[in-house]
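To start, the structure under review is shown below, and the notes come after it.
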Amino acid sequence: MITITFPDGSSREFEQGVTALDAAAAISPRLKKATLACEVDGERRDAFAPIGADCSLKLLTFEDEGGRWAYRHTASHMLAQAVKRLYPDAKLAIGPAIENGFYYDFDTEHTFSPEDLAAIEKEIEKIEREELAVSRFELPRAEAIAYMEELGEPYKVELIEDLPEDAAISFYKQGEFVDLCAGPHVDNTGRVKNIRLMSAAGAYWRGSEKNKMLQRIYGTAFEKRADLDAYIAAIEEAKKRDHNKLGRELELFTTVDVIGQGLPVLLPKGARIIQLLQRFVEDEEQKRGYLLTKTPFMAKRDLYKISGHWDHYRDGMFIMGDADDEEAEVFALRPMTCPFQFMAYLNRSRSYRDLPLRYNETSTLFRNESSGEMHGLIRLRQFTISEAHLACRPDQVEQEFKGCLDLAQYMLKVLGLDSDVTYQFSKWDENNTEKYIGDKATWESTQNQMRNILDDLGVNYKEADGEAAFYGPKLDIQIRNVHGKEDTLITIQIDFQLAERFGMMYTDADGEKKYPVVLHRTSIGCYERTLALLIEKYAGAFPTWLAPVQVKVMAMTERTLEAAESVAKELENYGLRVERDLRNEKIGFKIREAQLQKIPYMLIIGDKEVEGGVVAVRSRKKGDLGTMPLAEFLRMVNDEILTKALDS
RNA sequence: GCCAAUGUAGCUCAGUUGGUAGAGCAGCGCAUUCGUAAUGCGCAGGUCCAGGGUUCGAGUCCCUGCAUUGGCUCCA
C-alpha cells in the first residue's frame, strides 16, 4: 500500500500502481471524469500512469493550466494523426499546446487550404469517436532514433539527436499513430472534444529563417462546446475592433499603393488625434523638466558609425548614396534619435550640476523593415515617437528611472491603457557577442540595478533573455492587439556605453571628467502605434478630449439652419471640434450617421429649442439627455475634456 | 525576407465552363421640412491593382511586380 496526499492535506491509502484516475474515482466519479492529467510531487504526469510510491497528488482538470495543456496537446496529436491519415507523406515536426490552443507543424508538398482544414477536422472527429486509448512507452536513444527513421520522420530524429545521451525517450501512441512526446496526455481520444482548426500558416523549422518553412496548423479545443463557441465569438467580436479595419472606416488613415508599404497617410481625423496626443505629451514633459530639441531627420553615415548603428543595423536604414563607397558623402535617414540628442549634450562642457539633463523630442524615425513585417499602424517604415534621452550621474539613475516609469504609467492611466499592459525586463544574451557590446560585469551590474529598481517599485514583470538593446537592458511595456499579438508600447533603457562612444562627459564635484549614464525612454511610445491601440481599446469611440469631432450640430428643418449654425459657431469659438449636419434629411438619419462615426455629442436644434433658447443633447453612449441651455452643455463637456474623462 | 490568402465603383461585395461588368450603401439631382440609429424617385459613377503572355476574344487562364491581410523570422 502507498499513501497519497491531496492538496487539501488529506491523505488516503491505495494499492501500489494505482493511477491518478483510479484515485480520482475513489473520491468521486465526477472527479474522475474531469481529471485530464495530474501532478505527482509537483511534476506533471499522465493521469493514467501508475503511481509507485508515497507522494502528493494534484488532479488536473480543464480548470487548471496543466489540465488544459494536456487536453490541447492531445488534440494536437489527434490533428497530426488525422493529417497522417489524409496525407501519408506529411512529415511531423512539433505540435505543442500554446496559450488558447495548440498547433502542429508539418512538412508536406501539399498546401493546406481552408477546405482541407474542414476535411481534417472531420477526420479528427472520427478519431474522437474511435475512442482510442492513449499509451506511453519509452525507448533508449539509439532505438528511438532507429524507430523514427523506420517511420520516416526525419524531424523527430533530429529532435531526439539533440536530447542528452542518457535520456529515456518517451513516445505516445493512440491507435496507429505514434509520436515522440514528453507528455502528459489525456488517456483517451474520446475525451478530447470540441476541437476547432483555426488557420494554416507557414513557420520555420525550429524557428530559424535559415531552415525550411513548414506548414503550421493552428487549432484550439475546449472541454465544453459553449466555451468553444464563446471563444470563437470573442475572436469575431475582437476583429470588429481591429484598428486596421476601423481606422480606415472612420477615416483616420489610409494607405496608397504608390506611396509604399509601411507608409500610411494620416487623414484629418487621425492626424488630429495624434496632434492632441503629442501636445499632451510635450506639455507633460515640460512640466517634468524636459528640454525640447528638434534635430535633423538625416545625418552622414559617420554619425551612425560612432553610435554603432552603422555596423549593427545598416540593413535596416534608408541610405542615400553608395554605402560601399568610402569616399562618397553618404547620408542615412535616422532610425533613432539618440546620437542627434547626444550632439545637443556635447554643445558645451557639462558640470555635475547640469545633471540630470533631460532632452525630449517628438521624433520621426525611418526604419527599412522587411516587407512582411509591416502591419496597419503597428509596424511602419516611418513613425513618430515621443523620444527622450536623460544624461545622469550614477547616483541619479534610480530616481530618474523611476521618473521615466512614473511618466509612462501616468500616460497609460490617462489613456485608460494601464490595465492592458504587461512589463517585460529585457536582458542581454551573453553568448550573442554579435549583437551586444560591452563587458559582462557592467551588463550584470546594470541589469541588477534595473531589477532592484523594479522590485523596489513593486513592478510585476517577466524577464526576457536576449531582448535587450545592444547597448543596455530595457524595461518594455507590452500590449496586445485584438489578434492577441504582443508589441512594445513604451520602453525605458539604461545605457552605460554610448556616452563613452560619443565622448559625452561631465566634470564631477571632485574635478574628474566622467561619463554620464544615459536613459533612453519613450513616454507614450510611437504615436501611430498608440493610436492603433486606442482605436482597438475604444472601438473608435475615443474619449471626448481625444475625439477628432466632439460635437455634431444638427438642424431639424430648414427653419433652424441659422440657429444651428450659430450654435456651431459658438462651440467652435469655445474651442470645441464641431461638425455641422445642415442637410435636408430626417433627424433619425443624421443621428444614425453621427452614432456610426462615434461622435461623443449630438446637438439637435429644432423649433422647440430655438423657442426655448436651449439645445437638445444626445450622447453617443447614454442616448437622449433632453434639453439644456447651451452654457450648461459647454460646462458639462468642458469638465469632461479638462479631466480627460474616459467613460463618456 | 519566407509560407499562404486576397486585390472588381468612394465603401462592402456578386460576377457561371473565357463571350465584352452588376447590387447595396455613399455621391449628385428632384420631391419631402420631418423630433433621437436608414423618406422616396431618378442620375451618374469602373485602366476589373500594374505590366507582360496565351486566345478570335481575358475581370476570369499563365508569368512577373506592387499592395492589403493572417502567420513565421526580424524589430536599434
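We name chains A, B, ... by the order of the sequence lines, and we start the count at 1 in each one.
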Rounded to whole angstrom units, what separation is found between the OH atom of Y104(A) and the P atom of C72(B)?
18 Å
K239(A) NZ to U69(B) P: how many Å, rounded?
14 Å
OP1 or OP2 of [N] versus the side-chain N and O atoms of [X]: is any pair under 4.0 Å?
X	N	answer
K590(A)	G35(B)	no
K212(A)	C72(B)	no
T255(A)	A67(B)	no
Q215(A)	C3(B)	no
R583(A)	G27(B)	yes
Y218(A)	C72(B)	yes

Which part of the nucleic acid, if any, lies within reach of [X] when heavy atoms closer than 4.0 Å are counted: base, sugar-phosphate only, or nothing?
X	value
E585(A)	base
G623(A)	nothing
I591(A)	base
A616(A)	base
D487(A)	nothing
G308(A)	nothing
S199(A)	nothing
R216(A)	sugar-phosphate
H520(A)	nothing
K245(A)	nothing
G372(A)	base
L214(A)	nothing
H312(A)	nothing

If you measure from the [atom1] atom in [N] to the same atom in [M], how many Å do you get, rounded?
N	M	atom1	answer
U54(B)	G15(B)	P	29 Å
U55(B)	U12(B)	C1'	34 Å
G65(B)	G7(B)	C1'	14 Å
C49(B)	A5(B)	C1'	16 Å
C43(B)	C62(B)	C1'	41 Å
A58(B)	C48(B)	P	12 Å
G45(B)	G29(B)	C1'	14 Å
A23(B)	A44(B)	P	12 Å

Quick one: the side chain of [X] and the base of [N], do they pair up donor-acceptor inside 3.5 Å?
X	N	value
E609(A)	G35(B)	yes
Y204(A)	G1(B)	yes
R559(A)	C34(B)	no
R248(A)	C11(B)	no
Q595(A)	U36(B)	no

Could you check which nucleotide pairs with [N] in any of the strands shown, counting Watson-Crick or G-U wobble with both distances under 3.5 Å?
N	answer
G51(B)	C63(B)
U68(B)	A5(B)
A23(B)	U12(B)
A37(B)	none
A44(B)	none

Pair [X] + [Y]: ring centers closer than 6.0 Å:
X	Y	answer
F496(A)	W443(A)	yes
Y345(A)	F502(A)	no
H520(A)	Y471(A)	yes
Y104(A)	F106(A)	yes

Intermediate values then yes/no, side-chain hydrogen bond (donor to acceptor under 3.5 Å, both in side chains), E640(A) and T544(A):
CA-CA 7 Å; E640(A) 201 177 309; T544(A) 304; 2.3 Å; yes
Of all the nucleotides listed (G70(B), G35(B), A76(B)), which has the minimum atom distance to the side chain of H483(A)?
G70(B)
If you count heavy atoms of other groups shown closer than 6.0 angstrom to NZ of K300(A), is the number above 12?
no
Using a strict threshold of under 4.0 Å (side-chain N to carboxylate O), is an ion pair present between E585(A) and K590(A)?
no
Is Y313(A) stacked on the base of A76(B) when the test is centres under 5.5 angstrom and planes under 30 degrees?
yes
Could you tell me the separation between the NZ atom of K156(A) and the CD1 atom of I94(A), rounded to the nearest 0.5 Å?
8.0 Å
